[in-house]
Amino acid sequence: MRSVRVFFEKKGDIKYISHLDLNRFMLKIIRMSKIPVWYSEGFNPHPYITFALPLSLGFESDYEIMDIRLDDDSFKNEEVYNSLKPLFPEGLKLFSCEDPVMKAGQVAYADYKIEFDSVPDCYMSGLEQLLNNDAIIAKKKTKKGTYKDIDLKEFVKSFSVNDNTLLITLSAGGSNNLNPKLILDTFSQRNEIETPYYKVTRTMLYNENMEKFK
Amino acid sequence: MFKEFEKHLLNVQKPGRYVGGELNSVVKDKNDVDVRFAFCFPDTYEIGMSHLGMKILYSQFNARNDIWCERVFAPWIDAEKVMVENNIPLYALESHDPIKDFDFVGFTLQYELSYSNVLNMLKLAGIPLKTSDRKNWDTPVVVAGGPCACNPEPLADFIDIFFLGEGEEVDLEVIDLYKESRKNGISKAEFLKLAAQIEGVYVPSLYTVSYNEDGTVASVNAEDGVPSVIKKRIIKDLNTSFYPEKFVVPYVEIVHDRAVQEIFRGCIRGCRFCQAGYIYRPVREKSADVANKQANSLCETCGYEEVSLNSLSTSDYREIEDLLEQMLKWSEQSNISIALPSLRIDNFPKELLEKVQSVRKSSLTFAPEAGTQRLRDVINKNITEDEIISTCKMAFESGYTAVKLYFMLGLPTETNEDLEGMAKLAQKVVDLYYSNPARKKGKPVNVSISVATFVPKPFTPFEFEPQVTLDEIVKKQEHLLSSVTSKKISVSYHQSNISFLEGVFARGDRRLGAVLEKALEKGVKFDGWDECFKFDEWLNAFEECGIDATFYSSRKREYDEIMPWDHLDYGVTKKFLISENKLAHSEVTTKNCREQCAGCGATCFGEGVCYEKR
Ligand code: SF4
Ligand code: SF4
């Protein structure tokens, strides 16, 4: 039994497919591909897959990662690639299938590109100012459904603002994840404005040392 | 246009329903095709995507190079609001193009309660509702088929062409005629008249209905040169007829996300309340070999974990054991489970049964439909208490703890005794469970009684019968509840108002078109959904149109009354329906097609069970 790490992008209309739905869909593709996946034991056996970091509904991604557990160790990565490639539909482009280098739980940062359709310059400069603050206290919904104050700035590793685009690197992963939407929402709330239409692309994932997640 | 909608997509529930792009969905270049067909399912994506008929026609149309068939579903309330506010017309999922620019807009009519959605979808598309406002080629040809087309009269004002019976052949014939008509430059009116010559095609605008003073139909007159009786179409040989090799695989979770293998059409049984049992006659089977191959190919191409056999009364399939044995050879190996809906398991090899049902072993369902043997004889429901009890016994011994019993309330000749019978039967099942010494201690049994209100339907022996009134329903429900004494028995109902409306439209005539339009103005839609159903608005619409809804629901029809659907021929003769109605009232059952032909009239199709050796 071994794992193979599958790299792909999620672009276009398929961004409206939730993480859960994509997960189910991947299971179907894997069945169709007939690659020798490992099936969980028990009442309702199913293949075992994990995603490096779930992607929010509506976000695109240049760098998606899914691990598949194989039953047959002699089955090569290249064979996995060739079996999956024709089945990946439009919007999900398969890049490669590799041996995992880092452990699945080691994602620590993510790059986001946030592009606004059309915004006044003052919006972008205001956003920049906000991000330049030493602290950005905001309310975040907890798992229990209550709200607590958190400092968004603690999650911001770096950022830059150009024209209509915000590039930002945020803490990501299990314990310390920040959705960039929360920054935009906070900005709008403080200024009592409506958030203009924007698109988010997650462009890269990193480990703790800001090394590309592989 | 879709770009505009996209800006709001993240504010609606399950946006994946509105974008298309699923695996196996068909995208063509619109410049390469002659005919664009918008296949509309007047309900949500999740329901429509689970529907077999749509899958068959979608694949069949798209198998032709000159046709591009796309899917359209009713947007849920939140998405509709966004579309209306932003002037986004109803579009097709594959191309995102507005359907008002298509050649054909086709609806499948699965239940009467979707009629308001049919109209609402036309409205959202920006297509004029009425046939009379769509006389030119600048609007699509609006067609409809499906079981409700057997009495399409309430929709007669809005639909250009109805397809009666099974659509696979007739749809394509009409599409071919359309192509030719456009090429020859003839008018839409001429095209419709030509279409009406095709067997199975009903063009309601070519027929005029006149009424008697008491409101019943006096006559239905066809225009010159148009057939006065329209006969439904059937597919003669299911082994050679088209069946999809793959289904569109949805991302969003739908009601039934699995491979569906059709094994036969029609039903031999003739339960007298059941429209499906009559309008799909005669029974035609697919061979086990063909069904097995098709099911296997579907599972391979779509990655499903489950395959279900599709038919009415599945255990009547003559090759069921052979088929299951063939299927198990590959399904077990690939971890695919086989689901068998509507299976009578009494005389079924236990070994085989365990293999196919190993997945869900929680609940056992029966549809005795009526509480006493007397009433079951009236409705010709061939299931006895002994059968239920012996099957339950078998099931309890192998670990089941829940039993569901489906009944109908308000059947013709029903008395309080019949209602009490439901409770008694449920109690017997409870007692049976506790009489099993080997039962798991501490695990209580749960018997649920699910009650639907009986709705008399066209082309059944009960088409003459009055539907029980809303007041009567309440009384009957109360009586049933008071007859249930055990806490192990739960009772659930459908909303009776909804059944009432269903009853009105099921046996309605053309005059209901005005009511539909009026109700649409009042914002009715998704009538089959409890949370959307606006009964008051419907009542207002009837009142404003001066139409008494109970004329259609709770009025008894005489045998010689002309029904609004009498000019449609589904094989089953009215003479037969009358004789069945009489037998019902004398509590005499009729044998099923395989035991003895009852002479219903369906021999006229020259195929199927009528010609089997008995
Ligand atoms: S068995 Fe009876 S209820 Fe079931 S489909 Fe056949 S006729 Fe209808
Ligand atoms: S003609 Fe006879 S065998 Fe054929 S469907 Fe009717 S009752 Fe059944």
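Bear in mind the structure is a predicted one, so any value in this text is a computation, not a measurement. Letters go in sequence order (proteins before strands), and every chain restarts at 1. Side chains are part of it too, since the values below use all heavy atoms of this structure and drop only hydrogens, waters and symmetry mates.
- The backbone N or O of Leu131(A) sits less than 3.5 Å from a side-chain atom of Lys153(A), completing a donor-acceptor pair.
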Determine, stepwise, if the pair Leu166(A) / Tyr198(A) fulfils side-chain contact (heavy atoms from CB on, under 4.5 Å).
CA-CA 10 Å; Leu166(A) 166 67; Tyr198(A) 61 89; over 6 Å; no
*Show your working on salt bridge (Lys or Arg N to Asp or Glu O under 4.0 Å) between Lys28(B) and Glu94(B) and close with a plain yes or no.*
CA-CA 9 Å; Lys28(B) 300 186 180 184; Glu94(B) 281 75 1; over 6 Å; no
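- Note that Lys139(A) lies outside the cation-pi zone of Tyr147(A), set by a 6.0 Å cut-off to the ring centre and a 45° limit from the axis.
- No other option in Glu305(B), Glu22(B), Glu300(B) has as many heavy-atom pairs under 4.5 Å with chain A as Glu305(B).
- Contact annotation for Ile29(A): neither backbone nor side-chain heavy atoms come within less than 4.5 Å of a heavy atom of chain B.
- Around the CG atom of Asp149(A), the shell of radius 6.0 Å holds more than 12 heavy atoms that belong to other residues, nucleotides or ligands.
- Note: Lys34(A) leads Glu90(A), Lys34(A), Lys199(A) in heavy-atom pairs under 4.5 Å with chain B.
- Asn24(B) does not touch chain A: none of its heavy atoms, backbone or side chain, sits under 4.5 Å away.
- Using a 4.5 Å cut-off between heavy atoms, Ile14(A) contacts chain B through its side chain alone, with no backbone atom that close.
- Contacts between Cys302(B) and chain A at a heavy-atom distance below 4.5 Å involve the backbone alone (N, CA, C, O).
- A donor-acceptor pair is defined here as one N or O able to donate and one able to accept, closer than 3.5 Å; no such pair exists between the side chain of Lys443(B) and the backbone of Thr401(B).
- Environment of OH in Tyr197(A): crowded, with over 12 heavy atoms of neighbouring residues, nucleotides or ligands closer than 6.0 Å.
- Below 4.5 Å, heavy atoms of chain A meet heavy atoms from Glu6(B), Lys7(B), Leu9(B), Leu10(B), Pro15(B), Gly16(B), Val19(B), all part of residues 6-20 of chain B.
- Of the two parts of Tyr39(A), only the side chain, counted from C-beta on, holds a non-hydrogen atom closer than 4.5 Å to a non-hydrogen atom of chain B.
- Residue pairs meeting the ring-ring contact (aromatic ring centres under 6.0 Å, His included) criterion with at least one partner in residues 48-77 of chain A, sequence neighbours excluded, are Phe7(A)-Tyr63(A), His19(A)-Phe51(A).
- Figure legend: Lys157(A) and Tyr109(A) shown as a cation-pi pair, the cationic atom lying under 6.0 angstrom from the six-membered ring centre and within 45 degrees of its axis.
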